[in-house]
Number of protein chains: 2
Amino acid sequence: MVRPGGRSARVQHAVHTAVRELEAEVGRDALTVPLVAARAGVTPSTIYRRWRDLQQLLSDVAVERLRPDAAPDDRGDLASDLETWAEQFLDEMASPPGRAYIRDALLGDPDGGNAGQCSAYAAEQIGVILARAAERGENTPGIESVIDGVVAPMMYRILFRPGRLDASYARRLVADLLAASGRTGG
Amino acid sequence: MVRPGGRSARVQHAVHTAVRELEAEVGRDALTVPLVAARAGVTPSTIYRRWRDLQQLLSDVAVERLRPDAAPDDRGDLASDLETWAEQFLDEMASPPGRAYIRDALLGDPDGGNAGQCSAYAAEQIGVILARAAERGENTPGIESVIDGVVAPMMYRILFRPGRLDASYARRLVADLLAASGRTGG
DNA sequence: ACTCTAAAGCAAAGACGTAGCTTCTAAGTG
DNA sequence: CACTTAGAAGCTACGTCTTTGCTTTAGAGT
């Protein structure tokens, strides 16, 4: 049973904090479970029991870092909002640390939902943008269309084709998507 | 210096074979470097030196397994060819073993090119399909469009949203892509 | 306040990863 | 065809990490 507010929560917080601190201090590759445990003031076996191994722990921490910290910018119209968001998203995710977090998130238990959480964060942000546009009376595509047409291609390049990315790619994807949904009335 | 045909090649082959055999026998999670080394008849230090760690080795083996073993089916027209290929691709990649191989391939050295190799395999197959269509005089989209419009969305779902996939998704993506490229003369 | 149980601490044994040095083997050379 | 040479594999010892059984703690429910 998870006991929020109790010792478990304190330990989890201490461990996550230790990971973030040590990641910055000694670098990701030098992280080990015993090192994190020492910094967090817990015994290694506690970490092994709760997270199974270092990968799971890093995956959990990575998901936290990929959580958006604010609602997307509101620039007054759908095209600008989506473009701005996509550019920022690409910029963050394609950076070396961003890519490291994505990889870590994917590495966790495949059915543990960490990767799904990342996708949910993006979908949520897009949902906000689309809802605002709909309130303004704009013709909006569905969330799924935006994921398929903008998020997925960017992620694919980040993961499988590093070095083939720049901000104009994000703009082009958004433009193509809006052109298509404009025609079909998506 | 790599010496093809020499001892190095024999060792590499023995190690890869050992990984595949043991993967089937004891399961992926029970694989360890010493175990693989014993089966391959080499010492663990050989593996550590050549592959650095188990992840790199698994990544190499995974890429081999993701290599297409034949040219894509020729059904006589672009739409059918793409649809058939996309369905097969999704089917293979979304299966539990397929997903495991993709994850392993992504896990290798980020700049080592294993992930890029996977993408190149897909691009090559698509290139064959498009070239055949062009020879027939059909109006074809570019390879990049197919990757962005079909491969990327499928991969995104496989990695980030397991459980939201079926063959109709592949068909829909292909249909949408061809409709769009038909309009623009892709 | 008391009970009960999930979670953390502890400690020891075993497995894994690393590194220096030695040996082997095949490619290049005369 | 023998010889040289350098890259790769073998060997070994050491240190670190991981696992596991048992004990202790602390907080949730009554």
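Keep in mind that what you see is a predicted model, and the values were worked out from it rather than measured. Proteins come first, then strands; the chains are lettered A, B, ... in the order of their sequence lines, and each starts at number 1.
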Find the distance [X]:[atom1] to [N]:[atom2] and express it as a whole number of Å.
| X | N | atom1 | atom2 | answer |
| --- | --- | --- | --- | --- |
| B:Arg52 | C:dC16 | CZ | P | 19 Å |
| A:Gln56 | D:dT19 | CD | P | 12 Å |
| A:Leu54 | D:dT19 | CG | C1' | 16 Å |
| A:Trp51 | C:dA7 | CH2 | P | 12 Å |
| A:Arg50 | D:dT19 | CZ | C1' | 19 Å |

Using the test salt bridge (Lys or Arg N to Asp or Glu O under 4.0 Å), find all partners of [X] that sit at least two apart in sequence or belong to another chain.
| X | answer |
| --- | --- |
| A:Arg164 | none |
| B:Arg132 | B:Asp74, B:Asp81 |
| B:Arg39 | B:Glu21, B:Glu25 |

Got a sec, which residues hit side-chain contact (heavy atoms from CB on, under 4.5 Å) with A:Ala133, two or more places apart in sequence or on another chain? A:Leu78, A:Arg136, A:Glu138, A:Thr140

Side chain to side chain donor-acceptor pair (under 3.5 Å) partners of [X], counting only residues at least two apart:
| X | result |
| --- | --- |
| A:Thr17 | none |
| B:Gln56 | none |
| B:Tyr156 | A:Ser119 |
| A:Glu87 | A:Arg171 |

A:Leu107 with A:Val15, same ILVMFWY side-chain cluster at under 4.5 Å: no

Is the shortest side-chain N/O distance from A:Arg10 to OP1 or OP2 of D:dG27 below 4.0 Å?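 So the side chain of A:Arg10 is within the cut-off, an N or O lying under 4.0 Å from OP1 or OP2 of D:dG27.
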
Which pairs pass side chain to side chain donor-acceptor pair (under 3.5 Å) with one or both residues in residues 89-102 of chain B, sequence neighbours excluded? B:Arg65-B:Tyr101

For DNA chain C, which residues in residues 23-43 of chain B have a heavy atom at a distance below 4.0 Å?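 The answer is B:Thr32, B:Val33, B:Pro34.
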
Can you check nucleotides 22-24 of chain C for protein contacts, nitrogen or oxygen pairs under 3.5 Å, and list what you find?
unit_1	atom_1	unit_2	atom_2	d
C:dC24	O2	B:Arg7	NH2	3.2

So which protein N/O to nucleotides 19-21 of chain C N/O distances come out below 3.5 Å?
unit_1	atom_1	unit_2	atom_2	d
C:dG20	O6	B:Arg49	NH2	3.1

Looking only at the side chains, is there a donor atom on one of B:Asn114 and B:Asp109 sitting less than 3.5 Å from an acceptor on the other? no

